[in-house]
2 protein chains.
Amino acid sequence: MLSFTEENYLKSIYHLSNGGTQAVLTNALAESMNTKAASVTDMVKKLSTKGMISYEKYYGVKITRVGKTEALMIIRKHRLWETFLVQTLQFNWDEVHEVAEQLEHIQSPLLIEKLDDFLGHPRTDPHGHPIPDKAGKIVEIKQVILSTCALRKKVMVRAVRNGSPSFLQYLSKIGVYIGATLTIVDKVEFDGSLEITIDGKKKVFISRDAAENLMVTE
Amino acid sequence: MLSFTEENYLKSIYHLSNGGTQAVLTNALAESMNTKAASVTDMVKKLSTKGMISYEKYYGVKITRVGKTEALMIIRKHRLWETFLVQTLQFNWDEVHEVAEQLEHIQSPLLIEKLDDFLGHPRTDPHGHPIPDKAGKIVEIKQVILSTCALRKKVMVRAVRNGSPSFLQYLSKIGVYIGATLTIVDKVEFDGSLEITIDGKKKVFISRDAAENLMVTE
DNA sequence: TTTATTTTTTAGACCGATCTAAAAATTGAC
DNA sequence: GTCAATTTTTAGATCGGTCTAAAAAATAAA
Ligand SMILES: [Mn+2]
Ligand SMILES: [Mn+2]
Ligand SMILES: [Mn+2]
Ligand SMILES: [Mn+2]
């Protein structure tokens, strides 16, 4: 049984390692957890003795098989709760993350399976991120960053990379949502900003930063 | 801001004091919290400095106005979540308490108001207990213990006093539920057990203990 | 390849929540 | 009203999670 804090560390390690493919360094983890390197070293030893990660002094940590499964279950809960908050309780997509950070730690396998049933086994959360299934399997949909797309090509918004409330609110305001059809009508060489149309109608300018945080498919 | 543990203590104090009407002694609180008297003394001092209770050495604690409001909000959350689990997620009424013990600590006023809206502002939880409203107001329905009722009188089950899973499962098994109509057809002098009919049909015997944990109205 | 910089770990402390053991206050019995 | 039993509080320790400051290792620069 992992503590609240241990679960958060593990989730961070999973994300920072790109799903367990790379090692995670102490300082990177400290920054993402808003804590100090010394605290990370302590926690990392604990997670290591619990078999969640393998830890080699000065070389960072790698998530283990069980650790990965554990992390995916927390992510599953997080994303199912976010979906519930938006679909069922009418939250806006920029309001759900903080609450889901709490709800993801509720311990009840029955609850999460019933929630999943109730929601109709959604495959993605309100931000377009895939929801791992009961077995921890995650179906990644091939998608590319908007700013890399060709001019005049119709693409569909699939996910946001940065899910910060301010970015999400901005997207809502200009009319961009998951499932929207975008077309790049012009690229500004100077600053990387784009002129796009949304659903073939509205024409807006978005910054390079915004364009780099939208994931789309053709 | 109260910690997880402080919230649990406060809720216990509220219940043990019958909604703030009596003082609560250290040992009583220790027993209900499954902890030691020494730990209670520590916690009680902390809750006192936070203004949730007034504490007088050797004479127990009394809940304050703010403490009561705080306790009622936790109870509101607990009971709304229990209602959600049964009504929306199809839990049985004996499966919800433990999960609600966790969910009641989620911090998000927006969440609880949206949940309340979604459920249609229920007035009682799956065990018949009243749900405090947004302002902390609680509508107690006058009800009596089944074992005190007269013979042959039709009464309606309103709530259970003891909500333990085993009792609830037993009730389900014999066909007793919130809203069922019961009639006492015989009282056994010797052991206080009752012979009753459920909804005018099924005839069963229940023990004194069971009869003392069923709340009914006429 | 020696030195300087950066990263990471260790040592030692603090805080919140808990415990055991011992002291103090209250209550009950005679 | 005194003494014994019960209840409650204090004292001191532990554990998990965090911190700062200092030591050690790894990396980069000269
Ligand atoms: Mn999120
Ligand atoms: Mn999300
Ligand atoms: Mn309950
Ligand atoms: Mn209940």
Side-chain angles (χ1 to χ4, degrees), chain A residues 1-18 22-64 67 70-71 74 101-102 104-107, chain B residues 1-17 22-63 67 70-71 74 101-102 104-107:
Chain A
M1 174 105 290
L2 299 180
S3 75
F4 186 94
T5 311
E6 289 167 340
E7 288 196 342
N8 283 333
Y9 268 89
L10 196 57
K11 192 169 48 124
S12 235
I13 291 167
Y14 176 84
H15 283 132
L16 291 172
S17 68
N18 285 304
Q22 332 163 358
V24 177
L25 302 178
T26 303
N27 267 357
L29 194 44
E31 173 162 8
S32 110
M33 294 302 294
N34 289 306
T35 188
K36 300 299 156 70
S39 307
V40 170
T41 302
D42 285 350
M43 178 55 78
V44 134
K45 285 179 186 165
K46 225 171 28 148
L47 283 172
S48 174
T49 65
K50 291 201 178 188
M52 296 293 132
I53 59 178
S54 61
Y55 163 57
E56 205 177 335
K57 262 185 174 185
Y58 293 99
Y59 287 92
V61 300
K62 273 193 63 187
I63 200 161
T64 62
E70 204 67 39
I74 303 165
E101 283 294 309
Q102 297 180 62
E104 72 188 7
H105 301 289
I106 301 292
Q107 303 289 349
Chain B
M1 175 104 291
L2 299 179
S3 74
F4 186 95
T5 312
E6 289 167 342
E7 288 196 343
N8 283 332
Y9 268 89
L10 195 57
K11 193 168 49 122
S12 234
I13 291 167
Y14 176 85
H15 283 131
L16 291 172
S17 68
Q22 335 162 356
V24 177
L25 272 31
T26 303
N27 267 357
L29 194 45
E31 173 162 10
S32 109
M33 294 301 294
N34 289 307
T35 187
K36 300 298 155 69
S39 307
V40 170
T41 302
D42 284 349
M43 180 53 78
V44 134
K45 285 179 186 166
K46 226 170 29 147
L47 282 171
S48 173
T49 65
K50 291 202 178 187
M52 297 293 132
I53 58 177
S54 62
Y55 163 57
E56 205 177 335
K57 261 187 176 184
Y58 292 99
Y59 287 91
V61 299
K62 273 191 63 186
I63 200 161
E70 204 67 40
I74 303 165
E101 283 294 310
Q102 297 180 62
E104 71 188 5
H105 301 290
I106 302 291
Q107 304 289 350

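Note on naming: letters A, B, ... go to the chains in the order of the sequence lines (proteins, then strands), and numbering restarts at 1 for each one. The figures here come from the full heavy-atom set of this structure, side chains too, leaving out hydrogens, waters and symmetry mates.
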side-chain contact (heavy atoms from CB on, under 4.5 Å) evaluation trace for A/Ser48 with A/Val61: CA-CA 9 Å; A/Ser48 174; A/Val61 300; over 6 Å; no

B/Gln107 vs B/Met1, side-chain contact (heavy atoms from CB on, under 4.5 Å): CA-CA, chis, key distance, verdict: CA-CA 10 Å; B/Gln107 304 289 350; B/Met1 175 104 291; 3.8 Å; yes

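Listed pair A/Lys36 / D/dT18 fails the phosphate criterion, with no side-chain N or O lying under 4.0 Å from OP1 or OP2.
If you measure from atom CG of B/Asp42 to atom P of D/dA13, you get 15 Å, rounded to the nearest angstrom.
Put simply, the side chain of A/Ile74 does not reach to within 4.5 Å of the side chain of A/Asn8, judged on heavy atoms.
In this structure, B/Ser17 contributes its side chain and B/Val24 its backbone to no donor-acceptor pair below 3.5 Å.
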Nucleotide-resolved protein contact map, nucleotides 4-9 of chain D, B/S/- at heavy-atom distance under 4.0 Å: ---SBB

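Contacts between residues 7-17 of chain B and DNA chain D, counted as heavy-atom distances below 4.0 Å, involve no residue at all.
Using a 4.0 Å cut-off between charged nitrogen and carboxylate oxygen, B/Lys11 and B/Glu101 count as a salt-bridge pair.
Applying the salt bridge (Lys or Arg N to Asp or Glu O under 4.0 Å) test to residues at least two apart or on different chains, none of the pairs has a partner in residues 55-64 of chain A.
In this structure, the separation between CG on A/Leu2 and CD on A/Glu70 is 5.0 Å, given to the nearest 0.5 Å.
When the shell of 6.0 Å around CD of A/Glu31 is examined, it contains 12 or fewer heavy atoms from other residues, nucleotides or ligands.
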